[in-house]
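Below is one structure, written out as structure tokens; the observations come after it.
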Amino acid sequence: MADAGLAADETPLAILYRDDHLVAIHKPAGLLVHRTALDRHETRFAVQQLRDQIGQHVWPAHRLDRGTSGVLVFTLDADTAGRLGQQFEAQTVAKRYVAVVRGHPPESGLIDHPLSKQRDDREWVDPRTQSAAQDARTAYRRLATIELPIAVDRYPTSRYALLQVDPETGRKHQIRRHLKHISHPIIGDATHGKGRHNRMFAERFGCQRLLLASTDLWLDHPVSGQRLHLHAAPAADFMALLDRFGWRATLQIQSPPL
């Protein structure tokens with residue numbers, strides 16, 4: 001039976017953790033965190049849906065792109081929101097993602113590449129001002145590779161890899177922009193990726209989503225001070241593709257980034 005606070009056609013959000021101060025969910029791909037001017041016609045948002053589901057106001061502690069699934073944290077009061085926000089600003093929250101990318105990147109690496117600030121759609125900016133590029137660093141480790149006998153572009157085969165990604169900073173769209181910068185864009189990324197590869201995954205594998213998932217997040221509880229580890233395995237549609245490529249066994253819950 002669906003939660004009484006939800007619309008009849010809404011599936012309850014999967015709650016990963018909840019106490020008197022925090023609640024963490026597994027956000028599905030395609031769900032916006034909150035209302036934006038760019039999506040005026042959208043009617044479903046994680047903030048609203050979670051509020052209705054648990055019967056409490058919630059404050060998002062951070063963001064995930066609409067296409068990204070995985071761990072998303074909310075606070076249950078404004079004071080806790082401020083405390084947790086300070087951790088994100090101080091970069092003491094550790095985050096881990098998995099991504100399927102085009103090509104075979106090196107076994108590991110650190111992308112140290114400044115990124116220009118991308119403003120929120122609701123934020124007015126004087127067109128005469130310019131924002132300097134911000135420091136941005138993303139560490140990654142290659143977990144698995146595959147070469148498919150499918151011609152895309154001018155090559156008779158196509159190469160892809162599964163990456164573990166640990167962003168050290170939190171710039172907007174950082175992972176997507178950084179992986180594009182090293183010429184290994186994420187599959188399903190309509191903005192920073194390669195259309196031909198995205199279409200091939202949609203046609204051959206029925207994959208219509210961005211193949212980026214937030215799997216782990218480590219933070220200090222804003223009230224108790226206890227270090228929390230929040231984990232969510234990739235969503236079922238993501239895991240189906242990993243199974244097809246024989247990659248499931250490469251996913252393991254590991255220690256947080258240094």
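Remember, predicted model here, so these are calculated numbers, not experimental data. One-based numbering along the sequence shown.
Looking at L76 and D20, their side chains never come closer than 4.5 Å, going by heavy atoms from C-beta outward. Within the 4.5 Å cutoff, the side chain of V47 has heavy atoms near those of the P60 side chain. Put simply, the side chain of V23 does not reach to within 4.5 Å of the side chain of Q56, judged on heavy atoms. A 4.5 Å side-chain heavy-atom check between D65 and I175 finds every atom pair outside the cut-off. Contact check for P185 versus H192: no side-chain heavy atoms found under the 4.5 Å cut-off. Residues L210 and R176 have side chains in contact (heavy-atom distance under 4.5 Å, counting atoms from C-beta outward). Contact check for F238 versus V100: side-chain heavy atoms found under the 4.5 Å cut-off. With a 4.5 Å cut-off on side-chain heavy atoms, L179 and D189 do not count as touching.
No more than 12 heavy atoms of other residues, nucleotides or ligands lie within 6.0 Å of CZ in R196, so this atom counts as exposed by the packing criterion.
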Donor-acceptor pairs under 3.5 Å, side chain of residues 103-115 to any protein atom, not counting sequence neighbours: which ones?
{"unit_1": "H104", "atom_1": "NE2", "unit_2": "I146", "atom_2": "O", "d": "3.1"}
{"unit_1": "H104", "atom_1": "NE2", "unit_2": "Y160", "atom_2": "O", "d": "3.3"}
{"unit_1": "H113", "atom_1": "ND1", "unit_2": "H181", "atom_2": "NE2", "d": "3.4"}

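A distance of 10.0 Å separates CG in D52 from CG in L13, rounded to the nearest 0.5 Å. The NZ atom of K95 sits 10.5 Å away from atom CG of D166, with the distance rounded to the nearest 0.5 Å. Atom CD of Q208 is separated from atom CD of E203 by 9.5 Å, given to the nearest 0.5 angstrom.
Neither I15 nor L84 shares a network with the other; the hydrophobic side chains, linked directly or stepwise wherever heavy atoms of I, L, V, M, F, W or Y lie under 4.5 Å apart, form separate groups for each.
Proximity of a side-chain donor or acceptor of Q87 to a complementary backbone N or O of D220 within less than 3.5 Å is detected. When atom types are taken as modelled, the side chain of S158 and the backbone of I150 share a donor-acceptor pair closer than 3.5 angstrom. With hydrogens and angles disregarded, a donor-acceptor distance shorter than 3.5 Å links the side chain of K27 to the backbone of R66. Using modelled atom types, one side-chain atom of T250 and one backbone atom of W247 make a donor-acceptor pair closer than 3.5 Å. Listed for the R171 side chain is a donor-acceptor partner under 3.5 Å among the backbone atoms of D135. The backbone N or O of T11 lies less than 3.5 Å from a partner atom in the side chain of Q49, making a donor-acceptor pair. The backbone N or O of H21 sits nowhere less than 3.5 Å from a side-chain atom of D77 that would complete a donor-acceptor pair.
Residues satisfying the side chain to side chain contact (heavy atoms under 4.5 Å, CB included) test with A24, not counting sequence neighbours, are L16, Y17, V73, L230. Under the rule for a salt bridge (charged side-chain N to carboxylate O under 4.0 Å, His left out), the partners of R209 that lie at least two apart in sequence or sit in another chain are D237. Residues satisfying the salt bridge (charged side-chain N to carboxylate O under 4.0 Å, His left out) test with D79, not counting sequence neighbours, are R83. Taking H26 as the reference, nothing meets the ring-ring contact (aromatic ring centres under 6.0 Å, His included) condition, with sequence neighbours excluded.
Considering all non-hydrogen atoms of both residues, T215 and V71 come closest at O-CG2, 3.8 Å.
The only option from V98, L162, I187 that meets the side chain to side chain contact (heavy atoms under 4.5 Å, CB included) definition with L211 turns out to be I187. The only option from Q134, Q174, H178 that meets the side chain to side chain donor-acceptor pair (under 3.5 Å) definition with T169 turns out to be Q174.
For residues 61-98, the pairs satisfying ring-ring contact (aromatic ring centres under 6.0 Å, His included) are H62-F88, with sequence neighbours left out.
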Derivation and outcome, side-chain hydrogen bond (donor to acceptor under 3.5 Å, both in side chains), residues S116 and R177: CA-CA 10 Å; S116 60; R177 295 165 73 189; 3.2 Å; yes
